[in-house]
Amino acid sequence: MTETKTDKFTLINELARRRGFFWQAYEIYGGTAGFVTYGPLGTRLKQNIEKKLRDLFVNKLGIIEIESSIITPGKVFEASGHVGHFKEPMVECSKCNKRFRADHLLEEYARISAAEAEKMSLLEIKEAIKKNAITCPDCGGSFNEPQQFLTMFVTTIGPYSGATGYGRPEAAQGIFVEFNRLYTIARERLPFGVLQIGHALRNEISPRQGLIRLREFTIADLEFFFDPEEPNCHLLKDVENDILPILTAEKRLKGSEEILNITVKDALKQKLISSEWQAFFMAIAKKLLIDLGVPSNKQRFIEKLPWEKAHYSTQSFDQEVLVDRWGWIEVSGHAYRTDYDLKNHMEASGVDLRVYKEYAKPIEEEQLVVKPIMAKLGPVFKAESAKVAELLASVPAEEVMAALEKNGFYQIQNYKILPEHVSISRQKTIVRGKRFIPHVVEPSFGCDRLFYVALEYAYHAKDDRVILRFPRSISPIQVGVYPLVSKDGLVEKAEAVYKLLVMEGFSAEFDDTGSIGRRYARADEAGIQLGITIDYDTLNDDTVTVRDRDSWQQVRASIKDLPELLRRYFMGKINFHELGTLIQNK
RNA sequence: GCGGUCGUCGUCUAGUUGGUUUAGGACACAAGCCUUCCAAGCUUGCGAUCCCGGGUUCAAAUCCCGGCGACCGCACCA
């Protein structure tokens, strides 16, 4: 590991500290692992990335956005299964100090299934280890007391330590618990999606890798609800010919890393992806990463193996990006959560979270109905007649009728029902709709990881200089404004141009120190997209030079046209050369 | 949590067999001069109780112990 000194991770972390993208938090107290502070440039870059997510999902796809709280009552994460799944029983070898998942050991050496092991208490685990004489697979040493590692942050809500609260490990539950209200606000129509971008907390055992694994991080969870009986994605045609680079679970099980480049359409046809909506969002996620500067061939979707999947998911893909230091890292997860979450919250809370959908045409159904005749039942069963009626209602009418016809009576528990006790008729009922729990596909993005890969893919070295070639839509600062030299009134003119651009809504920076070359270099390192320089010609004809960060080419444009030109440039409607006439540099 | 390597101005680092070190340099930054397009130059300035705490010693950035943090490996990453 000698070359790790100058890999991109090291270079980026150094640049990030020096120029104010991000750094480790709480440095003056020695730093705390897993927490970062974003500086001025980083905050802007992160905002621009989040803006990109909003633009893609909220503006273009009509998905609604909410913001819910981070501290969450214990009940929510008990119902969602997180309390059960976010903690792992671990044992440590007393001899070699190696740690193992206790449930994995039991599975392997005691033939206790994963499902069973999950339900076991620490005491039961300890006894099972003893009973099966399980020792350290590495050195044969004995294990000490099993311990639970809960990776959620726990707190108490209120001053008297009454209720347990958890720091949310994902933003998704904040959406599920508000489902009824959100569904109403979305005017009770499926499909619909809800996005939440916010902080989440995971008390990682040992966070490392800088921004890649944090204890407090920004997550963007999108829960997309649809009717499982109408799983078709009406937007599929927009992406059906997009290529998805997929590494399937099947290939992975065979030890293969071979990536299948397959169109969305074919991936669905071959049932590699079980949900159209999931495939759709995977295509969108790929586009997002391209927009952030990660080329298609540096991305892949890797299907999770059964035991790798989250407890709530039937099929999961991780979107991965190739980075210099660690190879493939996950930037987003795509899970088919089915009705798992809503169902659990419905059971735990007792609140109906089903939706009602009217059929296009009401369905007429003929039903056999057994109706107790209370005037007859009363005298026979006295005080118990109400109970008898209730029991009758709970059994299929067909069963009662068949028994009466065959035997002349129907026995239910201790009660003997005779034909004269009931009236049997066929009734027409009109069913106008159905109630069901919507299914959910969830794309979930780690914003800090998006930030890191955007930074890494923007990082370029040219001779001794560093240039951050961000896509223009996420550049933290759009334009720098510079007087060529700091005399003869150029500074004043440049200040006026700077002020104009700021008033027009551009993120701009003014710099008049040092030589012009030094300022360009400084700007390149901060990823400033364009440099606007005020020179002696400006004083004569009110034109300025506009410099492109990536090509270092310059065009000349008139100040009065600048706001409109720049607006169109940053919207991606015109390219750099359309900003003005090219200048031939000596 | 375990093992390994490491921690010196904003950044990168020299120094670490204990002693002319008031801890040196480079870059960056600030002020001034200069400067008509890619980190030019000159002058001046700012900036580190050497991660924190304790110990050994006449003397500690340097040795020892503990803590915190970083990276790598193991484990963990629902």
Side-chain angles (χ1 to χ4, degrees), chain A residues 1-2 4-7 9-11 13-20 23-35 39 77 80-88 90-93 95-101 104 118 138 147 149-152 169-170 202-210 212-215 217 304 307-313 316 318 325-326 329-330 333 335 446 462-467 482-488 490 513-525 531 533-539 544-547 549 552-554 556 583 585-586:
Chain A
M1 293 295 133
T2 45
T4 53
K5 268 203 88 70
T6 50
D7 69 359
F9 176 74
T10 307
L11 294 169
N13 278 286
E14 186 235 304
L15 175 67
R17 275 193 293 274
R18 195 157 45 78
R19 295 306 304 264
W23 55 84
Q24 198 188 12
Y26 311 113
E27 277 177 334
I28 64 164
Y29 289 106
T32 308
F35 300 93
F77 286 116
S80 68
H82 285 79
V83 172
H85 288 84
F86 253 72
K87 66 173 176 229
E88 310 296 355
M90 308 272 295
V91 286
E92 192 176 290
C93 172
K95 214 165 132 195
C96 69
N97 289 325
K98 281 233 166 80
R99 309 189 127 204
F100 300 90
R101 287 268 298 266
H104 290 177
E118 203 155 86
D138 269 37
Q147 275 183 294
F149 280 79
L150 182 69
T151 43
M152 282 196 290
E170 59 168 25
R202 294 179 193 183
N203 204 358
E204 300 277 358
I205 294 167
S206 79
R208 281 190 206 155
Q209 309 176 317
I212 307 302
R213 268 179 78 196
L214 295 170
R215 289 191 166 119
F217 59 100
K304 302 300 274 185
W307 57 86
E308 292 174 335
K309 280 185 309 201
H311 59 277
Y312 45 70
S313 177
S316 286
D318 278 356
R325 180 85 158 240
W326 300 289
I329 61 155
E330 178 192 352
K462 182 171 179 176
D463 304 325
D464 284 347
R465 291 168 56 160
V466 172
I467 305 170
Y482 320 109
L484 186 60
V485 292
S486 46
K487 60 180 185 187
D488 302 326
L490 291 182
T513 61
S515 71
I516 189 69
R518 183 192 295 254
R519 281 174 275 160
Y520 286 154
R522 196 154 41 200
D524 287 345
E525 202 181 54
T533 304
I534 280 70
D535 57 18
Y536 283 95
D537 290 343
T538 312
L539 299 178
V544 293
T545 66
V546 183
R547 170 187 179 271
R549 176 196 62 206
W552 294 8
Q553 289 185 321
Q554 286 180 292
R556 187 163 275 279
I583 301 168
N585 279 325
K586 336 166 216 312

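In the text below, chain A, chain B and the rest are named by the order of the sequence lines, each starting its count at 1.
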For [N] and [M], measure between their [atom1] atoms and round to the nearest Å.
N	M	atom1	value
B:rU8	B:rU62	C1'	11 Å
B:rG7	B:rG67	C1'	14 Å
B:rG54	B:rA14	C1'	28 Å
B:rG69	B:rA31	P	39 Å
B:rG47	B:rA26	C1'	14 Å

Whole angstroms only, please: what is the [atom1]-[atom2] distance between [X] and [N]?
X	N	atom1	atom2	result
A:Glu170	B:rC77	CD	C1'	15 Å
A:Arg18	B:rC9	CZ	P	15 Å
A:Gln554	B:rC38	CD	P	9 Å
A:Ile28	B:rG69	CD1	C1'	14 Å
A:Arg215	B:rG69	CZ	P	8 Å
A:Ile583	B:rC38	CD1	P	12 Å

Quiz item: Is it the case that more than 12 heavy atoms not belonging to A:Tyr26 sit under 6.0 Å from its OH atom?
Solution: no
Practice problem: Report the residue from A:Arg519, A:Arg465, A:Lys462, A:Arg549 that forms a salt bridge (Lys or Arg N to Asp or Glu O under 4.0 Å) with A:Asp524. | Solution: A:Arg465
Practice problem: Report the secondary structure of RNA chain B in dot-bracket form, marking unpaired bases with a dot and bases paired to a different strand with |, and treating Watson-Crick or G-U pairs with both distances under 3.5 Å as paired. | Solution: (((((((..((((.....[....)))).(((((.......))))).....(((((..]....))))))))))))....
Quiz item: Base, sugar-phosphate, or nothing: which does A:Gly210 touch, judged by heavy atoms less than 4.0 Å apart?
Solution: sugar-phosphate
Quiz item: If you look at every strand shown and take non-hydrogen atoms under 4.0 Å, does A:Gln24 touch a base, only sugar-phosphate, or nothing?
Solution: sugar-phosphate
Please check the phosphate of [N] (OP1 and OP2 only) for any side-chain N or O of [X] closer than 4.0 Å.
X	N	answer
A:Arg17	B:rC12	yes
A:Trp326	B:rC72	yes
A:Arg518	B:rC37	no

Quiz item: Checking side chain to side chain contact (heavy atoms under 4.5 Å, CB included) for the pair A:His82/A:Glu170: CA distance, chi angles, key distance, verdict?
Solution: CA-CA 10 Å; A:His82 285 79; A:Glu170 59 168 25; 3.4 Å; yes
Quiz item: Has the side chain of A:Arg202 got a donor or acceptor that lies under 3.5 Å from a partner of the other kind on the base of B:rC77?
Solution: no
Exercise. Test for a donor-acceptor pair under 3.5 Å between the base of B:rC76 and the side chain of A:Arg213, counting only N and O atoms.
Key: yes
Quiz prompt | A:Glu525, nearest nucleotide to its side chain (from B:rC71, B:rU36, B:rA39) | solution = B:rA39
Listed pairs, N/O of protein and of nucleotides 49-54 of chain B, under 3.5 Å:
none

Contacts under 3.5 Å, N or O only, protein and nucleotides 31-35 of chain B:
| unit_1 | atom_1 | unit_2 | atom_2 | d |
| --- | --- | --- | --- | --- |
| B:rU35 | OP2 | A:Lys487 | NZ | 3.2 |
| B:rU35 | O4 | A:Ser486 | N | 3.3 |
| B:rU35 | O4 | A:Ser486 | OG | 2.9 |

Practice problem: Take A:Phe9 and A:Trp326 through the test ring-ring contact (aromatic ring centres under 6.0 Å, His included) and record every step on the way to the result. | Solution: CA-CA 9 Å; A:Phe9 176 74; A:Trp326 300 289; 4.7 Å; yes
Exercise. Measure from the ring centre of A:Tyr520 to the centre of the six-membered ring in the base of B:rC37, then say whether that distance is under 5.5 Å and the planes meet at under 30°.
Key: no
Practice problem: Would you check if A:Trp552 stacks with the base of B:rC38, given a 5.5 Å centroid limit and a 30° plane limit, both strict? | Solution: yes
Self-check item: A:Glu204 bridged to A:Arg213 by N-O distance under 4.0 Å
Solution: yes
